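One structure is given below, encoded as structure tokens.
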Amino acid sequence: MNKVILLAKRPVGKPVLEDFELITEDIPQAGEGEILLKTLYVSVDPYLRGRMNDSKSYVPPFEINKPIQSGLIAEVVASNNSEFTPGDFVSGVLEWKEFQISKGKGLIKVDEKAAPLSAYLGILGMTGLTAYLGLTEIGSPKNGETLVVSGAAGAVGSVVGQIGKILGCRVIGIAGSDEKVETLKSKFKFDEAINYKTTSDIKQAIKKFCPDGVDIYFDNVGAEISDAVLANINRYARIPICGAISIYNETQPLLGPQIQPVLLVKSALMRGFIVSDFSDKFPEAIQKLSTWLKEGKLTYSETIVEGFDNIPRAFLDLFEGKNEGKMIVKI
Ligand SMILES: NC(=O)c1ccc[n+]([C@@H]2O[C@H](COP(=O)([O-])OP(=O)(O)OC[C@H]3O[C@@H](n4cnc5c(N)ncnc54)[C@H](OP(=O)(O)O)[C@@H]3O)[C@@H](O)[C@H]2O)c1
């Protein structure tokens, strides 16, 4: 039998396991022009939370009682499509199913000899592209500038900080545990890191670690952490808004400091982005990330959870900060 995970209910506030349902069905058969895929790795990502709401966004919402979709790595196990051969590995946005049928549209073949398969969901996939393109296209880092990254020990943040170091920036990370702070400094070579859960005055801590002010703030989390960083920005600062995980589960709009006067007097640029805005630059970005990876200038962490049934749990754990680097479920 084939296991499938559906969205059972739209979460209210923080998602819970009861918002998901595991069902079984027959393993499907590939028809004319189709391939049968076996899921190997599943990416769980904070943005999936937005798709669980019934609201208009840059991607349509998930439907109730329909399978959830995310980035997957799968193996072709049967093929009636001349472009795919059994034994090929592919990545694509696919359904939370152990086995599924595809016509091959939107799938990219990945090479297990060039990198571990799971890396195509992280540093050589969507989150690596987000880090590289958000930082270089909007952050425009220059040698000697100060870069602050929130969500710094996560999939995107840990790569942003390392790219900032490669490009000559002083890099300060903000993360949610002492272990993550230690990893940021020792493994990812950040200059300083702050545990936002134990630091009572983040604005003051940023001031201390950024004596020349903040030139780039790569924002993964939003709300109070971001308010504290924005209070320290320099003239002509650039602020790529990548994510706002601290707000995704709020049911009421939050109030915060009025940002317009700060941006105005600092002549600062704040710009939201979705990684697909830069899809024309994906090949160049993958080339850069692969080269840095091969040269040992970039490294990455993964938190691997095992078992298809644990996909929802792994997704919920993102909101508890249980991952370091990319959260991935191995089937
Ligand atoms: N714009 C785009 O195209 C794009 C693409 C990919 C991702 N994103 C966004 O980028 C951000 C990071 O994504 P990711 O895939 O790299 O996830 P991630 O950082 O690997 O995982 C989420 C992390 O967020 C932190 N977190 C959870 N709740 C928080 C809260 N209330 N306040 C502060 N931090 C909190 C946790 O770390 P701590 O232990 O540090 O709290 C957790 O480990 C997300 O906001 C995501 O939506 C945007």
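All of these numbers come straight from a predicted model, not from anything done at the bench. Every number for a ligand or one of its atoms is a count from 1 in the order of the listing. The basis for the numbers below is simple: all heavy atoms, side chains too, and nothing from hydrogens, waters or symmetry mates.
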Could you list the residues that satisfy ring pair (Phe, Tyr, Trp, His ring centres under 6.0 Å) with Tyr236, not counting sequence neighbours? none

Is there side-chain contact between Thr299 and Phe188, with at least one heavy-atom pair below 4.5 Å? yes

Enumerate donor-acceptor pairs with a distance under 3.5 Å from any side-chain N or O in residues 251-280 to protein atoms, sequence neighbours excluded.
| residue | atom | partner | partner atom | Å |
| --- | --- | --- | --- | --- |
| Ser267 | OG | Arg235 | NH1 | 3.3 |
| Asp277 | OD2 | Ile274 | N | 3.0 |
| Ser279 | OG | Ser276 | O | 3.3 |

At a 4.0 angstrom heavy-atom cut-off, ligand 1 is contacted by Pro46, Tyr47, Met126, Thr127, Thr130, Gly154, Ala155, Val156, Ala175, Gly176, Lys180, Tyr196, Asn220, Val221, Ile225, Cys242, Gly243, Ala244, Ile245, Ser246, Tyr248, Phe273, Ile274, Val275, Leu318, Phe319, Gly321, Asn323, Gly325

Are the side chains of Leu36 and Phe99 in contact, using a 4.5 Å heavy-atom criterion? yes

Taking distance alone, no hydrogens or angles, what donor-acceptor pairs closer than 3.5 Å link side-chain atoms of residues 58-66 to residues at least two apart or in another chain?
| residue | atom | partner | partner atom | Å |
| --- | --- | --- | --- | --- |
| Glu63 | OE1 | Lys66 | NZ | 3.3 |

Could you check whether Lys109 makes a cation-pi contact with Phe89, meaning its NZ or CZ is under 6.0 Å from the centre of the six-membered ring and within 45° of the ring axis? no

